[in-house]
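Ligands are counted one by one from 1 in listed order, and the atoms in each one are counted from 1 as well. When a residue number appears, it is its place in the shown sequence, counting from 1.
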Amino acid sequence: MTTSRLALAGEPLPTVGHARAYVCGITPYDTTHLGHAATFVWADVATRVLRRVGVTVEVCRNVTDVDDVLDAAAADRAGSRFDSFAAVGQFRFDRDMAALGVRPPAHEPRAHNHVDDVVRLAAGLLERGVAYERDGEVLLRASAVGLADRVPDDGSSQVPPSARAEDPADPTVWRPALTGEAAWPSPWGDGRPGWHAECAAMALSVLGPAVDLHVGGADLRHPHHTAMGAMAEAMTGVRPFARARLHVGTVQVDGAKMAKSAGNLLLVSDLLESWPAAAVRLLVLDRPWAQAWDVAPGEIAAAADRLEGLYAAAGRHVDGQAAVDAVVGALLDDLDVPAALAVAEAEGGEAARVALSVLGLS
Ligand SMILES: [Zn+2]
């Protein structure tokens with residue numbers, strides 16, 4: 001028998017019954033780079049491990065198709081409306097995820113279908129006295145929900161504080177639209193949802209008041225996930241919003257985060273032209289999930305070689321339940337892929353086949 005829980009950051013997940021996972025998804029304005037892929041491949045492995053031990057996992061991965069950056073990119077590059085531009089980005093993303101063997105989520109809500117839910121969320125937070133309205137903007141009062149003292153983990157992907165905020169830590173739930181932006185009606189005038197509120201509204205609508213696992217890149221931990229959780233908790237009274245969290249370490253090139261502005265993107269589609277998809281997955285997975293890492297030159301070639309070795313080990317005629325249990329046990333222990341692979345390589349046979357299958361490498 002293996003251990004009966006999947007240990008991750010937060011409460012361990014019981015390995016019986018049903019689990020709900022919310023994965024913060026893409027803003028579909030660019031092609032998928034290795035940093036995006038890492039988040040979704042790790043989310044995929046967490047759900048495969050849970051399924052391996054008998055848990056049914058319901059995954060909701062949203063699409064942030066109401067977004068300031070997306071609007072600007074659509075207008076700049078395609079001269080198109082945000083929604084048709086987002087559809088093209090979505091198509092490319094789906095193609096890359098399918099190539100990488102990331103299973104499609106059960107639910108894929110799009111922000112533009114949940115604007116009414118954000119309006120109701122804003123109204124509910126005002127009614128509960130934890131939000132305030134200023135000139136058409138609704139803001140969550142950070143001090144009322146325990147957000148005030150948190151420092152952002154990574155300034156690069158954060159929303160700058162609103163000029164209307166009483167405290168810079170107060171996140172926007174709803175805001176007035178600027179000229180030319182897509183806008184929706186609300187009791188506070190025509191406007192748009194705040195980013196954190198979009199995800200909170202989608203999670204509440206699709207999965208209910210709480211989730212078992214919340215997944216995203218490490219740069220989303222705070223304020224995106226903390227604000228989103230605080231809005232959901234204040235609305236429903238159910239705490240915590242997320243029992244466990246998987247915040248995947250940032251992928252860097254020469255010590256810098258991958259970013260379009262830095263010109264250092266490693267696109268998944270480019271990698272897949274030269275390397276098997278399983279080698280790209282192994283490159284992402286063969287390390288602690290929370291750790292930021294630099295893509296070293298030659299590392300993808302080493303991953304491809306190691307994969308060949310694993311396939312050879314899987315072909316050996318040995319089996320032993322203890323080795324299989326050791327592989328699954330390592331994965332249940334904070335998704336320790338390096339430990340699982342070490343057992344798979346040493347023992348071979350069924351243990352290696354199980355490792356390849358659960359990691360989506362076969
Ligand atoms: Zn999100």
- Task: Fit a plane to each ring of His225 and His247, take the angle between them on a 0 to 90° scale, and name the class: parallel (under 30°), tilted (30 to 60°) or perpendicular (over 60°).
- Result: tilted
- Message: If I take every N, O or S atom of His196, is at least one of them less than 2.8 Å from the Zn ion (ligand 1)?
- Response: no
- Message: Counting backbone and side-chain atoms alike, is an N, O or S atom of His225 positioned under 2.8 Å from the Zn ion (ligand 1)?
- Response: no
- Message: Closer than 4.0 angstrom, basic N to acidic O: yes or no for Asp212 and Arg20?
- Response: yes
- State whether the side chain of Asp65 and the backbone N or O of His112 hold a donor-acceptor pair below 3.5 Å, judged by distance alone. yes
- Item | Opening angle at the Zn ion (ligand 1) [SG, Cys199; SG, Cys24; to 10 degrees] | 120°
- Message: For a quick check under 3.5 Å, do Thr172 and Glu137 share a side-chain donor-acceptor pair by atom type?
- Response: yes
- Note on the structure: Answer key: the N, O or S atom of His224 nearest to the Zn ion (ligand 1) is NE2
